[in-house]
Student: 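I have a structure I would like to understand better, so I am pasting it below and will then ask my questions one at a time.
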Amino acid sequence: MREALARAIDSGELPDSPEARSVEVEVSRPANPEHGDLASNVALRLAKPMRMAPPKIAAALASQLALAGERGLLASAEAAGAGFLNLRYSEDALEATIDRARADSGVWGRLAADAKTAGQAGIRAGRHVNVEFVSANPTGPLTVGNARGAFVGDLLSRVLEAGGQRVTREYYFNDSGVQVQKLGASVLAIRDGHEVPEDGYHGDYVAALAPLLGEDILAGAADDEAKAWAAGRWASARIREGIEASLERLGVRFDVWTTEGSLHDDGWVAQAMERLRAGGHLYEQDGATWFRSTAFGDDKDRVLVKSDGNTTYFASDIGYVIEKFSRGYDHLIYIWGADHHGTVARLRNAAEAMGFDKAAVEVILTGWVHFVEGGEELSMSKRAGTFIALDDLLAELGVDAARWYFASRGANVNMDVDLEVARKQSSENPVYYVQYAHARIASILRKAAAAGIAPAAALEGSGLLAGGPEGTLARIVARLPEVIEDAASAQETQGVTTYATELATAFHAFYRDARVVDPEAPELSSQRLALVDATRISLANALGLLGISAPDSM
RNA sequence: GUCCCCGUAGCUCAGUGGACAGAGCGGCUGCCUUCUAAGCAGCGGGUCGCAGGUUCAAAUCCUGCCGGGGACGCCA
């Protein structure tokens with residue numbers, strides 16, 4: 001495009017100027033397929049510096065592009081509308097792409113972490129990133145309220161991996177806070193037939209744990225408080241196992257589990273404080289130690305060490321920042337609920353004060369999920385035991401439907417979920433529409449194999465994609481790599497669900513218009529089988545990226 | 001009071017500078033002797049919260065306002 005522009009200027013067709021030579025050439029995919037496979041607005045941008053009507057500029061560029069033929073890549077280039085330049089791929093280029101999808105089926109669509117992609121703006125392939133999410137304390141099972149973070153974090157991780165980044169999934173929790181002792185006291189109370197303390201934990205899961213508590217756990221505990229701690233640590237370890245199992249069922253697996261206590265024990269918190277102190281970012285007032293967060297634009301300064309000598313949660317957080325960076329990450333991402341937004345600034349400010357790049361500490365806030373059942377709001381208190389366990393919800397809705405539900409919405413939007421409606425509509429979830437297309441293809445492939453027709457080895461040069469139903473379908477199949485690229489750079493999955501739905505629709509239409517297995521026309525059949533197989537691969541890889549299964553039959 | 005997020009079809013949500021604003025669900029009408037009808041074709045449904053501004057071009061960017069949610073602790 002840039003070359004064509006230069007040629008047009010050199011040949012005197014278009015006026016020369018510094019602006020014209022340096023204009024940003026933008027190429028995008030038009031919404032309307034009639035506008036070609038790619039479109040550019042350069043002519044519109046050039047109108048002012050060139051003092052020429054956009055359509056005229058577009059026409060000049062189109063003729064230059066047509067002359068060059070771009071080494072067989074483009075079939076046509078034409079000016080259209082108010083000055084758009086529409087380009088169309090050649091059959092050969094499209095066929096080669098379809099062949100490539102089949103040859104590299106396992107990695108088709110994913111970005112390699114090579115020098116080329118690393119240099120590309122927004123992609124950041126090769127980056128080593130830590131994604132911390134869920135991080136619910138092990139004082140009870142995961143609730144539906146934890147679902148958002150679990151899916152958002154896992155989907156983000158998958159998308160970054162597909163974009164060629166190295167991802168560590170991290171879970172942070174506190175196993176040494178007073179809540180652990182309260183949990184232990186609650187378990188003991190139930191075991192011994194006493195009332196659960198007012199501020200204890202009242203859920204059924206506590207009662208279920210009580211009879212399992214062995215006397216050996218309490219050995220060596222001198223008084224009631226020590227017993228409660230011992231029981232609490234034991235119970236929270238059991239609960240953590242349960243949490244891990246729940247996450248496994250969601251298809252979420254963590255690489256690293258870090259406890260708040262270890263950040264103190266291993267000296268990270270002290271190290272962080274030392275670094276801030278050395279930089280002159282700390283001061284003492286009213287017996288407490290403060291971080292001068294306001295120097296970095298925060299509303300107020302923040303306490304690190306309370307006047308009673310205990311450190312705050314924030315102190316652990318900054319120790320954690322150092323600890324994470326010490327492991328060699330280029331970038332840290334935190335998935336937090338929207339209610340934590342007030343703590344974002346201080347964390348990033350502290351990272352900056354400790355000498356890290358503020359931009360390398362990113363917080364993604366998830367919107368609120370408001371659960372309602374039959375018009376009534378559901379409370380979600382672990383302490384009161386009035387929550388809905390994540391496992392229960394997923395047993396009803398299914399993991400694939402739930403994953404799709406969260407993947408197709410932005411992380412930061414608030415949503416209302418009426419469980420009655422969700423149950424009723426789970427069978428209407430669009431995920432099944434996409435999975436059905438995949439199953440249909442698998443069925444066709446089985447049918448063909450039974451009829452002794454094998455997919456063509458390659459389509460390049462076949463002319464199958466010249467137009468008609470085949471051309472339409474192939475163009476969408478070929479788009480997966482750019483869908484993944486967009487998802488990776490925007491760090492979002494909505495585009496993937498939209499694409500998968502579009503591809504499924506295109507396939508269902510193709511299914512209607514073109515019979516694939518036809519013993520009367522074996523050559524056409526085998527070519528169509530190759531296209532249909534490529535469709536299956538794009539569908540499976542799009543679903544796989546979201547952690548959703550691609551069934552061979554439904 | 002300050003700050004953050006959201007406001008798009010009856011409902012749930014995509015689209016975040018480009019050519020007539022999209023999908024699913026719901027409503028209505030047709031289509032199974034033919035590779036899976038969990039499908040297909042069609043109809044109906046929109047002041048993109050409101051008002052200004054920037055731009056050749058605004059649902060998209062800027063400002064103000066309205067409405068909904070959330071956060072503002074020496075809690076964790």
Student: Is a donor from one side chain sitting under 3.5 angstrom from an acceptor on the other, for A/Q179 and A/T139?
Tutor: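 A/T139 and A/Q179 do not have a side-chain donor-acceptor pair below 3.5 Å.
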Student: Roughly how far apart, to the nearest Å, are B/rU12 and B/rC50 at atom C1'?
Tutor: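 B/rU12 and B/rC50 have their C1' atoms separated by 24 Å.
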Student: Does A/G410 reach a base, just sugar-phosphate, or nothing at all? Heavy atoms under 4.0 Å.
Tutor: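 Sugar-phosphate contact only - A/G410 comes under 4.0 Å of backbone atoms but never of a base.
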Student: Base, sugar-phosphate, or nothing for A/A43, non-hydrogen atoms under 4.0 angstrom?
Tutor: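 No contact.
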Student: Taking protein heavy atoms under 4.0 Å as touching, what does nucleotides 66-76 of chain B look like 5' to 3' if B marks base contact, S marks sugar-phosphate-only contact and - marks none?
Tutor: --B-BSSSBSB
Student: Which residue, A/F173, A/Y172, A/Y171, forms the side chain to side chain contact (heavy atoms under 4.5 Å, CB included) with A/V134?
Tutor: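 That would be A/Y171.
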Student: Between B/rU16 and B/rG73, how far apart are the C1' atoms? Round to whole Å, please.
Tutor: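 Roughly 37 Å separates the two C1' atoms.
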Student: A/Y511 ring centre to A/R440 NZ or CZ under 6.0 Å, with the angle to the axis within 45°?
Tutor: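 Relative to the ring axis of A/Y511, which defines the angle, A/R440 lies inside both limits.
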Student: Taking the ring centre of each residue, are A/Y433 and A/H508 less than 6.0 Å apart?
Tutor: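 Here the rings of A/H508 and A/Y433 have centres that are less than 6.0 Å from each other.
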Student: Taking atom C1' in both B/rG15 and B/rG46, what distance in whole Å separates the two?
Tutor: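 Rounded to whole Å, the distance is 14 Å.
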Student: Please state the C1' separation for the pair B/rU47 and B/rA9 - nearest whole angstrom.
Tutor: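 Straight-line distance between the two C1' atoms is 13 Å.
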Student: Using a cut-off of strictly less than 4.0 Å, decide whether A/N412 has a side-chain nitrogen or oxygen near OP1 or OP2 of B/rC6.
Tutor: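 So the side chain of A/N412 is within the cut-off, an N or O lying under 4.0 Å from OP1 or OP2 of B/rC6.
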Student: Using a distance-only test with no angle check, is there a side-chain donor-acceptor pair under 3.5 angstrom linking A/H264 and A/T311?
Tutor: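 A donor-acceptor contact under 3.5 Å links the two side chains.
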Student: Identify whether any heavy atom of A/A448 sits under 4.0 Å from a base atom; if not, whether one sits that close to sugar-phosphate; answer base, sugar-phosphate or nothing.
Tutor: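 No contact.
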Student: For the side chain of A/R45, counting heavy atoms from C-beta on, which of B/rC35, B/rA19, B/rG18 is nearest?
Tutor: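 Nearest listed nucleotide: B/rG18.
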Student: How long is the line joining CD of A/E34 and C1' of B/rA19, in whole Å?
Tutor: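 Value for this atom pair: 11 Å.
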Student: If I pick the C1' atom on B/rA19 and the same atom on B/rC56, what distance separates them, to the nearest angstrom?
Tutor: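 Comparing C1' positions in B/rC56 and B/rA19 gives a spacing of 13 Å.
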Student: Quick one: is A/Y433 getting a side-chain N or O under 4.0 Å of the B/rC40 phosphate, OP1 or OP2?
Tutor: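 So the side-chain polar atoms of A/Y433 do come within 4.0 Å of the phosphate oxygens OP1 or OP2 of B/rC40, strictly under.
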Student: Does A/Q494 make a side-chain N or O approach to OP1 or OP2 of B/rC13 shorter than 4.0 Å?
Tutor: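 No, A/Q494 has no side-chain N/O under 4.0 Å of OP1/OP2 on B/rC13.
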Student: Can you identify which nucleotide, out of B/rA38, B/rG18, B/rU12, has its nearest atom closest to the A/F84 side chain?
Tutor: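 Of the candidates, B/rG18 comes closest.
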Student: Which nucleotide wins on minimum distance to the side chain of A/I444, given the candidates B/rU55, B/rC35, B/rA14?
Tutor: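 The closest nucleotide is B/rC35.
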Student: Using a heavy-atom cut-off of under 4.0 Å over every strand shown, decide if A/S408 touches base, sugar-phosphate, or nothing.
Tutor: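 Sugar-phosphate contact only.
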Student: Between B/rU63 and B/rU54, how far apart are the C1' atoms? Round to whole Å, please.
Tutor: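 Roughly 11 Å separates the two C1' atoms.
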Student: What integer distance in Å separates A/D533:CG from B/rC35:C1'?
Tutor: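 One finds 15 Å between C1' of B/rC35 and CG of A/D533, rounded.
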Student: Can you tell me if A/D400 and A/S549 form a side-chain donor-acceptor pair at under 3.5 Å?
Tutor: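 Checked: A/D400/A/S549 side chains pair up, N/O donor to acceptor below 3.5 Å.
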Student: Look at the side-chain N and O atoms of A/R512 and state whether any lies under 4.0 Å from the OP1 or OP2 oxygen of B/rA41.
Tutor: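 Yes, within the criterion.
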Student: Can you find a side-chain donor-acceptor pair between A/E362 and A/Q491 that sits under 3.5 Å?
Tutor: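 The criterion, which ignores hydrogens and geometry beyond distance, is satisfied for A/Q491 and A/E362.
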Student: B/rC6 and B/rG49: how far apart are their C1' atoms, nearest whole angstrom?
Tutor: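 Pairwise C1' distance, B/rC6 against B/rG49, rounds to 11 Å.
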Student: Kindly assign one of parallel, tilted or perpendicular to the pair A/F291 and A/F296, based on the angle between their ring planes and the thresholds 30° and 60°.
Tutor: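 Aromatic pair A/F291/A/F296 classed parallel.
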Student: Are any of A/Y511's side-chain N or O atoms less than 4.0 Å away from OP1 or OP2 of B/rA37?
Tutor: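 A/Y511 to B/rA37 OP1/OP2: side-chain N or O found under 4.0 Å.
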Student: Could you tell me how far B/rA21 sits from B/rG44 if I compare only their P atoms? Round to whole Å.
Tutor: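 So the two P atoms sit 15 Å from each other.
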Student: Any idea which of B/rG18, B/rA14, B/rC40 is nearest the A/R409 side chain?
Tutor: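 Among the listed nucleotides, the one closest to the side chain of A/R409 is B/rA14.
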Student: Just to be sure I understand the rule, does A/P30 reach a base, reach only the sugar-phosphate, or reach nothing, if contact means heavy atoms closer than 4.0 Å?
Tutor: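 Base contact.
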Student: Pull up the glycosidic torsion of B/rC32 and say syn or anti, syn being anything within 90° of 0.
Tutor: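 Syn, since the glycosidic angle lies within 90° of 0.
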Student: Between the side chains of A/E170 and A/Y320, is a donor N or O closer than 3.5 angstrom to an acceptor N or O?
Tutor: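 Their side chains do contain a donor-acceptor pair, which is all the 3.5 Å distance test asks for.
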